[in-house]
Structure formats: C-alpha cells, structure tokens
Amino acid sequence: MSGRGVGMDAVKAAMEQIGGAIDFHSQVGTGTTVTLRLPLTLAIIPALLVRIGGRLFALPMHSVTEVLDLHRSDIQVIGQGEKVLMLRGNPLPLCSLSHLLDIRNGTIEKTAVIVRQRERLMAMSVEGVEGKDEIVIKPLGYPLHNLRTFIGATILGDGSIALIIDLNGLTIRR
C-alpha cells in the first residue's frame with residue numbers, strides 16, 4: 001500500500017543482470033501478480049533419468065505420468081504393425097525411445113515410461129530408469145542449438161552429461 005518501489009527496483013536490476021525479467025500485473029480489489037522469468041541456464045527442473053543404449057537421458061517430470069515394467073503380454077500389434085501397450089484396458093501407442101532417437105543399442109527395453117505428449121498419453125520403452133533428479137538446464141550451443149528433440153543438457157553429480165529430451169519436439173516414428 002505504501003512505499004516507492006525501491007526494493008522492487010533492486011529486484012528488477014538483479015533479474016536483468018542475470019538475463020531474467022520481472023513483470024507485475026495489478027488489479028484493484030484482487031491483488032498483484034509478480035512473474036519472474038529466469039534464463040534457461042538457471043532453470044532447475046525435476047527429471048526422470050532413463051538409460052538408452054548405455055547412455056543416460058533426462059525426461060522432464062512434468063511430462064511423465066507413470067513408470068512400469070514392460071511385459072510382452074501387455075503389448076499388442078494393431079493395424080500396420082503399430083505396437084500398443086494395454087494399460088488397465090486402455091491401448092496406448094508404444095514407441096521405443098532408442099528408435100525415436102535413432103540409437104542402435106541391441107539391448108532389451110524392459111521398462112515403459114508413460115508420458116504426455118501434446119495432450120495425449122503414450123508409452124515409451126527404455127532399457128531402464130536410473131531415478132529422479134533435480135537438474136540444471138544448460139542450453140545446447142552451436143551447432144546443436146536448433147535441435148528440436150532436446151531442450152538442452154545437464155551435468156550429473158558424477159560429472160557425466162545427459163541430454164534433456166523435449167517430448168513435444170520428438171517426431172513419432174513407430
């Protein structure tokens with residue numbers, strides 16, 4: 001109700017210094033909404049670490065709905081050879097993440113990760129799940145910055161690098 005905004009001016013200056021932004025939206029009788037936009041290099045997201053072809057990849061947890069063991073009895077082939085996973089009586093398109101990323105691994109994919117891609121559920125088969133982690137997104141530099149398949153990369157606790165998969169950027173090829 002009172003003040004000259006000196007404190008918020010300091011916050012605004014700090015946000016601009018790191019490449020972020022701050023926005024305010026006030027409505028009389030309702031209140032004020034403050035929106036902070038951090039640069040991608042400072043974004044921390046929860047991710048599911050999955051193994052494909054002996055390499056680790058990260059899937060943003062906001063897209064993951066469920067993880068389960070993959071059994072042959074749960075897989076059906078329909079139409080033109082398209083695989084579906086029967087999940088509690090509902091068929092979900094089943095895609096191999098190694099196939100989508102064009103990774104020739106020759107290993108058995110024994111775990112299904114149920115994800116939401118563009119408002120629809122689908123199942124992705126992976127070798128295994130290594131766990132969940134809070135990861136810092138590092139943008140991909142030139143010449144990889146235009147790849148739609150990956151949001152960026154992250155450096156894991158052991159020093160290894162995992163690419164972060166953009167599920168909405170994947171082109172589904174069954």
Side-chain angles (χ1 to χ4, degrees), residues 15 18-23 25 33-71 74-75 82-88 90-105 107-174:
M15 288 294 292
I18 62 170
I22 185 168
D23 292 320
H25 177 60
T33 302
V34 179
T35 305
L36 300 175
R37 288 187 184 82
L38 295 172
L40 193 58
T41 56
L42 296 178
I44 298 174
I45 62 167
L48 184 71
L49 299 175
V50 298
R51 187 164 299 281
I52 305 163
R55 294 177 238 160
L56 283 179
F57 292 87
L59 295 171
M61 283 299 295
H62 65 81
S63 298
V64 176
T65 62
E66 192 173 348
V67 176
L68 48 101
D69 291 332
L70 191 57
H71 302 286
D74 296 330
I75 300 171
E82 296 174 7
K83 292 181 181 179
V84 294
L85 174 69
M86 295 305 293
L87 181 65
R88 294 183 284 281
N90 296 316
L92 294 179
L94 175 64
C95 300
S96 164
L97 193 51
S98 63
H99 178 73
L100 292 174
L101 297 177
D102 202 22
I103 297 173
R104 311 274 185 243
N105 62 9
T107 59
I108 298 171
E109 296 177 341
K110 52 187 180 245
T111 304
V113 179
I114 311 302
V115 297
R116 183 167 304 282
Q117 184 199 42
R118 293 189 190 93
E119 301 306 317
R120 69 180 179 131
L121 288 178
M122 63 180 296
M124 291 187 169
S125 60
V126 298
E127 287 174 34
V129 172
E130 298 296 316
K132 292 190 286 187
D133 201 356
E134 297 283 324
I135 61 172
V136 177
I137 301 173
K138 300 284 187 186
L140 297 174
Y142 180 82
L144 304 175
H145 65 285
N146 287 328
L147 289 178
R148 292 181 31 133
T149 305
F150 302 105
I151 297 169
T154 188
I155 301 172
L156 302 174
D158 64 359
S160 63
I161 295 173
L163 291 172
I164 305 165
I165 298 172
D166 180 2
L167 294 169
N168 290 324
L170 280 177
T171 303
I172 304 303
R173 300 169 294 176
R174 291 194 179 102

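Numbers here are sequence positions counted from 1.
- Of all heavy-atom pairs spanning R116 and L167, the tightest one is O-CD1, 4.4 Å.
- Between L92 and A123 the shortest heavy-atom distance is CB-N, 4.4 Å.
- The structure places CD1 of I164 at 9.5 Å from CG of L49, a figure rounded to the nearest 0.5 Å.
- Judged purely by atom type and a 3.5 angstrom limit, T154 uses its side chain to pair as donor or acceptor with the backbone of V136.
- For the atom pair CD1 (I108) and OG1 (T111), the distance works out to 11.5 Å, reported to the nearest 0.5 Å.
- Distance alone, capped at 3.5 Å, places no donor-acceptor pair between the D133 side chain and the I135 backbone.
- Looking at every heavy atom in both residues, I44 comes nearest to E134 through CG2-OE1, 3.8 Å.
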Could you walk me through whether L163 and L101 pass the side-chain contact (heavy atoms from CB on, under 4.5 Å) check? CA-CA 11 Å; L163 291 172; L101 297 177; over 6 Å; no

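- Here the straight-line distance linking atom CD1 of I161 with atom CD1 of I155 works out to 5.5 Å at 0.5 Å rounding.
- Side-chain atoms of S63 do not come within 3.5 Å of backbone N or O of V115 as any donor-acceptor pair.
- Q117 contributes atom CD, which lies 6.0 Å from atom CG of N168 (distance to the nearest 0.5 angstrom).
- Contact of the K132 side chain with the P46 side chain is not registered, since no non-hydrogen atoms from C-beta on lie closer than 4.5 Å.
- How far CD1 of I165 is from CE of M124: 7.0 Å, rounded to the nearest 0.5 Å.
- Side-chain atoms of L85 and L70, non-hydrogen and from C-beta on, do get closer than 4.5 Å to each other.
- You'll find the side chain of R55 reaches within 4.5 Å of the side chain of I103, heavy atoms only.
- In this structure, E127 does not pair ionically with R51, as no charged nitrogen and carboxylate oxygen lie closer than 4.0 Å.
- The closest side-chain heavy-atom distance from R120 to P93 is below 4.5 Å.
- Residues V126 and E109 have side chains not in contact (no heavy-atom distance under 4.5 Å, counting atoms from C-beta outward).
- L121 is not listed as a side-chain neighbour of N90, based on a closest heavy-atom distance of 4.5 Å or more.
- Residue D74 holds its CG atom at 9.0 Å from CE of M86, rounded to the nearest 0.5 Å.
- For the pair A47 and A58, the tightest heavy-atom approach, listed with the atom from each and the gap, is CB-CB, 4.0 Å.
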